[in-house]
Amino acid sequence: MKILIADDDRVSSLILRNTLEKMGHEVTTAASGTDGWQKLQEEEHHVVISDWMTTGIDGPELCRLIRGRNTGSYTYVLLFTGRSRRDDRFRGLKAGADDFLAKPLDTSELEARLGVAQRILDMQQELQRRSAGLDALGEDLTDKNTQLEEALTYLGGASLRFQELFQGVPFGCYTYDREGRIQEWNRAAEALYGYRSEEVFERYIWDTVSKADDENATKDIVAGVFSGNAFTGLIRQDRRSDGSLIDVQCSTFPLKSSDGNVYGAISANVDITDRIRLENQVKEQLNASQVLNALLAQQREKLAQANARLQLLATTDELTGLRNHRSFREGLEQSFALARRQNLPLTVILVDVDDFKKYNDSFGHPAGNYVLQATAAALLASARKQDIVARYGGEEFVVILPGTDVEGGAIAAERMRREIEETPREGRKVTASFGVATMTPDTINATDLVDQADLALYLSKENGRNQVTNYTQAANGYERGSEHLEVISPTVPC
């Protein structure tokens with residue numbers, strides 16, 4: 001297949017191109033979405049793989065531009081992205097994307113996606129081929145109907161040449177009387193129905209070519225024709241001499257004398273069995289395509305759900321259900337950058353369950369796990385919707401409070417401390433120590449903020465546990481020595 005890569009990351013684009021060429025595909029690269037769109041207008045490609053965030057025209061916009069074209073051929077579009085949120089994927093699908101490739105590149109996944117693309121493109125080409133055949137057949141029938149109309153018009157005014165023209169027209173023609181009995185039967189009718197002209201003379205139409213259940217309908221048409229009406233383009237099934245059925249397009253109309261009286265009728269019939277069969281095949285292919293699209297949509301939904309589950313597992317602590325340490329770090333960096341950019345306060349709270357090892361040794365690990373789960377629940381119950389609560393490690397927890405200053409951080413930490421202390425438990429009372437740090441203009445980075453909270457937590461444990469210590473207050477009571485921190489004066493808990 002001819003594949004276009006639209007990605008402004010040169011390394012990523014080179015890796016993807018080498019992988020596709022090893023698979024045997026012809027590959028073109030574009031340094032941006034805008035460049036990719038220009039190349040698509042210059043040369044058609046079977047598949048487009050676009051990075052979601054490529055410069056100029058981004059991936060979803062490139063999808064919309066591709067779907068807005070009317071080139072007569074289908075372009076399969078894959079969006080290459082690290083995004084896994086359901087809203088993002090729905091946005092991509094609405095823009096016209098067929099499927100997604102997750103970052104980093106997985107060769108097996110790429111090969112599977114291209115396999116689906118190949119099947120879709122093969123089906124599209126087959127439908128186009130069949131449609132072209134159907135169009136050609138329709139044009140041929142139109143030409144034949146035109147010839148028939150011209151010939152029959154001429155027959156009405158040139159009776160001396162009637163037999164010559166009647167026998168020469170390329171479709172099955174027969175004439176019949178008011179009773180519906182066949183009078184003339186041309187050579188094309190012999191080939192179409194399998195009867196010689198002498199075999200059908202004076203036989204009723206419904207006993208010769210009509211199906212048994214069409215007898216009354218055929219009689220009604222005969223009566224209508226001899227009342228002066230013409231019937232054109234009738235689609236019906238007729239019966240051949242061997243009993244087999246054929247699909248025909250029938251036109252039948254009265255033959256009138258110069259004074260306007262109907263003295264006979266003529267019927268012209270074209271075999272359209274192949275056309276009907278082709279139409280049915282196209283319908284079946286379209287139905288199959290719809291079923292395949294529905295299955296692909298289901299697979300995309302299942303894949304999205306699986307990716308969401310994987311994302312949840314990758315960012316969630318299994319025991320407590322809180323964010324894990326890696327997810328906390330990502331949230332901290334984002335919150336710190338936002339607070340710095342918008343000049344907003346940011347507070348971090350470190351929490352340590354008091355004497356947890358003794359509790360574990362006394363009551364066992366299942367009881368210790370329950371304490372950690374209950375502590376996590378208490379922190380979540382006390383936190384706001386926008387706060388980030390995570391397990392820092394072991395019996396330690398961390399809470400990020402966006403938009404919270406020194407005073408607000410102290411109040412929130414004290415509220416959490418009471419919630420943990422007042423939670424009923426079997427065995428013995430469980431408490432926790434808290435260290436609070438709030439970002440200042442002098443805070444260099446997010447790691448410094450965590451270190452400050454850790455120092456405040458250390459003071460809470462040194463001064464008797466089950467209390468809250470704020471780094472801003474604690475800093476006034478400590479000075480940094482050559483190898484350690486020395487307590488100058490005790491800090492009053494918040």
Side-chain angles (χ1 to χ4, degrees), residues 130 132-178 180-211 214-215 217-222 224-226 228-256 262-281:
R130 291 177 180 271
L134 184 60
D135 290 342
L137 181 58
E139 291 175 0
D140 184 55
L141 289 176
T142 300
D143 291 340
K144 288 184 177 179
N145 281 335
T146 301
Q147 295 173 27
L148 173 63
E149 291 174 1
E150 293 173 352
L152 293 179
T153 299
Y154 183 72
L155 287 174
S159 57
L160 294 177
R161 300 187 60 199
F162 175 77
Q163 287 299 322
E164 179 183 349
L165 291 174
F166 180 74
Q167 290 297 332
V169 290
F171 23 77
C173 288
Y174 56 86
T175 61
Y176 56 93
D177 62 16
R178 188 177 299 275
R181 289 174 299 205
I182 298 171
Q183 301 301 307
E184 285 91 12
W185 184 265
N186 74 352
R187 289 187 292 271
E190 291 182 346
L192 180 61
Y193 292 105
Y195 292 107
R196 297 190 304 274
S197 59
E198 59 268 24
E199 294 179 292
V200 298
F201 180 66
E202 289 290 326
R203 286 181 59 175
Y204 291 107
I205 299 171
W206 42 87
D207 290 339
T208 308
V209 300
S210 300
K211 293 191 303 181
D214 283 348
E215 179 177 340
T218 303
K219 289 179 178 179
D220 289 341
I221 291 173
V222 170
V225 169
F226 277 88
N229 299 315
F231 299 86
T232 59
L234 297 176
I235 305 297
R236 52 182 290 164
Q237 276 195 322
D238 280 353
R239 175 167 44 89
R240 300 185 78 252
S241 61
D242 60 4
S244 61
L245 297 177
I246 54 174
D247 295 297
V248 299
Q249 183 172 350
C250 170
S251 294
T252 183
F253 47 88
L255 297 174
K256 299 179 180 180
V262 178
Y263 66 86
I266 189 167
S267 176
N269 303 271
V270 178
D271 186 358
I272 59 171
T273 303
D274 288 339
R275 191 190 90 181
I276 296 297
R277 177 177 54 80
L278 183 58
E279 287 177 347
N280 290 334
Q281 288 177 349

Closest non-hydrogen atom pair, F226 against R178: CZ-N, 3.2 Å
Just so I know, are the side chains of I266 and F253 near enough to count as touching, which here means a heavy-atom distance under 4.5 Å? yes
Can you find a pair of side-chain heavy atoms, one from R275 and one from I235, that are under 4.5 Å apart? yes
pair V248-V270: side-chain heavy atoms closer than 4.5 Å: no
How long is the straight-line distance from CD of Q249 back to CD1 of I276, given to the nearest 0.5 Å? 9.0 Å
Flag the pair R240 and D238 as a salt bridge only when some basic side-chain nitrogen lies within less than 4.0 angstrom of an acidic carboxylate oxygen. no
Any side-chain heavy-atom pair from L245 and K211 closer than 4.5 angstrom? yes
Looking at every heavy atom in both A188 and P170, which two are closest together, and how far apart are they? CB-C, 4.1 Å
Test F171 against L192 for side-chain contact (heavy atoms from CB on, under 4.5 Å), laying out the working first. CA-CA 8 Å; F171 23 77; L192 180 61; over 6 Å; no
Roughly how far, to the nearest 0.5 Å, is the CD atom of E190 from the CD atom of Q167? 7.5 Å
Closer than 3.5 angstrom, by distance alone: can the side chain of N186 be matched with the main-chain N or O of C173 as a donor-acceptor pair? yes
Rounded distance [0.5 Å steps], CD in Q183 versus CZ in F201: 5.0 Å
Under 30°, 30 to 60°, or over 60°: which ring-plane class applies to W185 and Y193, parallel, tilted or perpendicular? tilted
From T218 atom OG1 to D214 atom CG, the distance as rounded to the nearest 0.5 Å: 5.5 Å
Is the terminal nitrogen or CZ of R203 (NZ for Lys, CZ for Arg) located under 6.0 angstrom from the six-membered ring centre of Y195 and within 45° of that ring's axis? yes
Using side-chain heavy atoms (C-beta onward) and a distance below 4.5 Å, is S197 in contact with E184? no
Could R181 and E202 be called an ion pair, given the rule that one side-chain N must be under 4.0 Å from one carboxylate O? yes
Could you tell me whether the side chains of S210 and R236 share a donor-acceptor contact shorter than 3.5 Å? yes
Relative to the ring of Y204, is the ring of W206 parallel (under 30°), tilted (30 to 60°) or perpendicular (over 60°)? parallel
Between N229, I221, V222, which is the residue that forms a side chain to side chain contact (heavy atoms under 4.5 Å, CB included) with V225? I221
CG of D177 to CD1 of I205: how many Å apart, nearest 0.5 Å? 8.5 Å
Go through the side-chain N and O atoms of S267 and N269 and say whether any donor and acceptor fall under 3.5 Å apart. yes
R277 CZ to D247 CG distance, which is reported to the nearest 0.5 Å: 10.5 Å
Donor-acceptor side-chain pairing of Y176 and T252 below 3.5 angstrom: yes
